[in-house]
Each structure stands twice: as structure tokens, then as C-alpha cells.
Amino acid sequence: MAEPKLPTRSEDFSEWYNQLVLRAELADYAPVRGCMIVRPYGWALWENITAALDSRFKATGHVNAAFPMLIPRSFIEKEKSHVAGFSPELAVVTHGGGEKLEEPLVLRPTSETIIGHAYAKWIRSYRDLPILINLWNNVVRWELRTKLFLRTLEFYWQEGHTAHATLAEAEAETRQMLDVYTDFAVNEAAIPVIPGRKSAAERFAGANDTFSIEAMMGDGKALQAGTSHNLGQNFAKAFEIRYLDPAGELQFCWTTSWGLSTRFVGAIIMVHGDDQGLILPPRLAPHQVVLCPIFKNDAEKTAVLEAAHRLRAELAAAGVRVKLDDRDNVSPGFKFNDWEMRGVPLRIELGPKDVAQNAVVLARRDRPGKEGKSSVPQAGLAAAVTARLAEIQQSLLDRALAERRRRTAEPKDYAEFRQAVEAGFALVPWCGDAACEAEIKAETKATLRCIPLEQEKGPAGHCVKCGQPAAERAYFAKAY
RNA sequence: CGGGGCGUAGCGCAGCCUGGUAGCGCACCUGCCUUGGGCGCAGGUGGUCGCCGGUUCAAAUCCGGCCGCCCCGACCA
């Protein structure tokens, strides 16, 4: 035993997560409290996430740009609810070049304000609209309690910022980007999510309407995995983003913003991981396949490595992200455990017996032990591997969906509701009153995650808390 | 900021009560041997014991102060 085993998820989910992030070499703690170093393996995963999202943003007409990290503090103060929301968590730069600054600068917590400033300069006419810009950057929020990937003082994300001529266009954009996130989560990360609308209490500071995708983690808690905001004309009015319409009338723009962060890496860990470690969805895994050669002596080594290099090249040529683990200072058994902990979806074992039969052993990460192993011929390996990866991708999604269903309840009364949110999600009629929502939060620690977009028609019943008639149903859960 | 825990080798820890040459496991390095589920043997490298001060012939150990980190809560993508 090289390393002590991870804690199991059932005995200590939080500690399982912390240790796994460190041991899998996704990230490490930085010298400053709450900050994180993203290590190459973690960054490779993030790069695959960014690639999958970026292509979707471009396909929907967006372009990338870069905005400065330093923002005049007065900018934050221009939009009333925005300043209220973000002031407590701002990092402020007061000195530069050895001199006290005339006006303090904040490290951007998000870029709505500096975007507002620029858009006000750039937009004159309805012909300038819409503006559809996305930023890949980092932001800083002075959070009190941090956790690797889930909540760090500095995090990486993308933030989209758009400006439109009409409310209808802004609404459509907000919803379109929520759909993009949903599509990404389900089809790339194999994470089932619930797209929905946030309550007023949970809304982004400065938004008229906030939508999110909510995912269930392996311990039944919810994670907001992406958000899309309809900012109405709030920022347009604060920053005077105006245009002349075809009739020559001066109008305020309608703006949106939407973001998805490195927090999503945490979601992947917590949704798919098991007691052995990570299980990465094939479409995002840095290494989709790891090839482990096995041999006893020089003659076997030569033959096995020759085959290994040939197969590695074949797979790479077929577009498979394959890693050949040719370390000779650790045993095959060690490598099996190591790569399982690090979540590689498919392993190829290649030893003298396989070489003799022109075959390899495939071992699926999602099915532990012998059950997940099978011998397949070397001829046509790339096709077999590609097919197997697609199966794993699908099985991860199916499994996560089944788990979410198992942990989602539709309690009939408040007593049942209190039990339900201890185990997972509760879908219940809600009257829409913020007071009920606040009482529920105070009494159960469960928050309103979202009002799902997909609702059955007609009245939903009676509010689980106050019994008043409810027009809609909402998901409540404890959340990260 | 409230509650809890911890700072001794890269990591995990023991030693502290009862002061007296700083230890164990893993990792790392060298060599041999091994390799189909976390190989083995032998030899080695590595620490101003979180920081400052006090007591003492002598402090990882006793006393005082400070700092940092982690976990649980309030805040949050």
C-alpha cells in the first residue's frame, strides 16, 4: 500500500472531496488563504470544458474579448443593488507605484460595470446592436469560507455580456445561454441539470431575472453550475448605454450576462466520483484512455512496448486522447489504482499474453474489478475504444440521473419536506412569498434552488410552508 | 466574526503529561530483485520542532504572547 485509502464518500463526503482534489493533482492550496493553484491535470480538464463551451458560444454568434482586471471603485457603486451585493466581498487596491491612489481600484468580482462603461461608448445606433461578447478571465471575491474549486477567492470562468435593442431579444438571449449550459452539462459532462428561474432572494445583484442550472452532487446537495441573467435596463441606466432607434428616439439598451466557472470541475468530481476516486466523463477527460504495458523481462518488454507504441499511435490518429504510462519504477497494480483514482475512463492493459493473441484488455472505470474488463482484438481497436468511450459517457449520465431521481422527493407536507431536504431535492408547490422562502431557509437550511422551467400546467397545489394556493412548484435543497 | 481542531522531514504522524543527543511510516535517491490489482531486500538524502519572548545549567517538551491553516456556522458562482 503506497498511500492510505481515501475516506469513503459515505463516511466523510467533504474530506473525500478535499483529499481527492489534492491526490489526483487537480489543484493545490496556494500560500494565500482561499486561493488555489490549478495543477496541469486540473487545468487540462478545465481546458476541455472551455473548448466545449467556447465552440457553443461561437456557434451562437458570440465573440471573445478581454477586459481589465482593475476597475474604478466608483463603477461598482453606480448600480444600486449591484453595489449592495458585491461590496462586502471586494478586494480593493489602494496603492500603486508606491503612492496612494487617488481613487481605489477593485479587482473585478465580475465585469458588468466595466462592460457597461465600454458599451456606453461603443453603442450609438440600433445598427450597433446586438453586442455579443464573451470573456474568459479570472475574478476575485473575498469569500469567508472557501473550498477548492467550489468557492475560492480567485476563480476562473467565462462571463458573457450582451446588449440588445429590445426586452424580447434580451430574454431570448438569457434563455438561449441557459440552454447552451444545459446542453453542455448533459452532453459533455454527463451531468443532468435542472434549468430554472431563481427566486428574487437568490437573484444576481443587479438582475431582473436570474436563471440557473442546478445539479445534484453525490451527497444529495445542490450546486448552482451555471447562471444566466436578464439585467433588464438596470446597467444600461446606470452606465447610460443608449441607442437611437429607427424612429430617431433615444432608448436604453437591454443587457444580459451569463457565467460558468471552475466550480464546474467540482461538480464533475462530486457527481461522478466513487470511493476509488474520480470518474471523468470521456468527452472532457484529459486522458480518455491510459495504456499500461506489463512485462517481466527484457524480451517481453521489447515486444510489449513495441505493440504499445503502435497502438498508442493508432488511437491518437483516430482522435482518442491516449496516455502511455511507461513508468518503469511502479508496478502495473500501482498504475491501475493510480489512474482509477485520477478518473481515466478506460484503461488498456497490454502484457505478453495479449501480445501473443494480438489482443488487449479493456477495463472500464465505471465498472470496478473484473466485471469491467474484457479482451478485445488489436485489429479495429480504435473503433472499439471509441464505442466503449461513448458507452461510458452514456452510462455516467444514466447513473447520475437515476441517483438524482432516487434522492428527489415530492413531499406532501412540511414534515415530509424537512426530511426530504436532509437527503436530497424536494420539489414542492411554493406560494411565491419571500417570507415563506426565508422561513424555510432558517428552519431547514434548505434554499430555493430554482423554479424549474418545465412545469405541469395549471395550479401546482398549496404552498408546502403556508398552505396558500401556489401557482408553481420549486426545488428546495441544501446547497454548496 | 462565533465554535472546534491542528502547526515536529515533501506527506501522514509519534514524542510533550514527567525538560536531558529529534523519531516512525510513506515518498525521494543508489543498487539488486521484481512487474496481470497499491512488489521485496539493503543502503542512503532530508528537520534552526509555526514565530517572538520568558523560566532553566539545559526547552519540541513548562509559561506568556502572536501568526497561520483546516473543519463546522453566518456570506456566496
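Every chain is numbered from 1 and lettered A, B, ... according to where its sequence line falls, protein lines coming before strand lines.
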Which pairs pass salt bridge (charged side-chain N to carboxylate O under 4.0 Å, His left out) with one or both residues in residues 278-302 of chain A, sequence neighbours excluded? A:E188-A:R283
Among A:R364, A:R365, A:R347, A:R367, salt bridge (charged side-chain N to carboxylate O under 4.0 Å, His left out) partner for A:E340: A:R347
Below 6.0 angstrom between ring centroids: does that apply to A:Y181 and A:F184? no
Paired with A:E112, the side-chain contact (heavy atoms from CB on, under 4.5 Å) test is passed by just one of A:H117, A:E79, A:H82, namely A:H82
Could you check A:D354, A:V376, A:V322, A:L362 and say which one makes a side-chain contact (heavy atoms from CB on, under 4.5 Å) with A:I348? A:L362
B:C57 and B:G47, which share atom name C1', separated by this distance in whole Å: 26 Å
Under 4.0 Å between any heavy atoms, over every strand shown, what does A:R145 touch: base, sugar-phosphate, or nothing? Just pick one. base
Need one value for A:F155: base, sugar-phosphate or nothing, where a base atom within 4.0 Å counts as base even if backbone is also close, heavy atoms only. base
Return the residues of residues 279-314 of chain A meeting this criterion: a heavy atom under 4.0 Å from some atom of RNA chain B. Order them by number, or give none. A:I294, A:F295, A:K296
What's the gap between B:G20 and B:G37 when it is taken at their P atoms, as a whole Å value? 48 Å
Assign A:R327 to base, sugar-phosphate, or nothing according to its heavy-atom contacts below 4.0 angstrom with the strands shown. nothing
Which nucleotide in B:C75, B:A77, B:G36 has an atom nearest any side-chain atom of A:Q224: B:A77
Distance, C1' atom - from B:U18 to B:G10, rounded to whole angstrom: 33 Å
Pairwise P distance for B:G50 and B:G15, with rounding to whole Å: 15 Å
With the side chain defined as heavy atoms from C-beta on, A:L144 is closest, among B:G38, B:C75, B:A77, to B:C75
Under 4.0 Å, counting only non-hydrogen atoms across every strand here, what does A:G259 touch: a base, just sugar-phosphate, or nothing? nothing
Please tell me which of the listed nucleotides, B:G36, B:C70, B:A77, lies nearest to the side chain of A:P352? B:G36
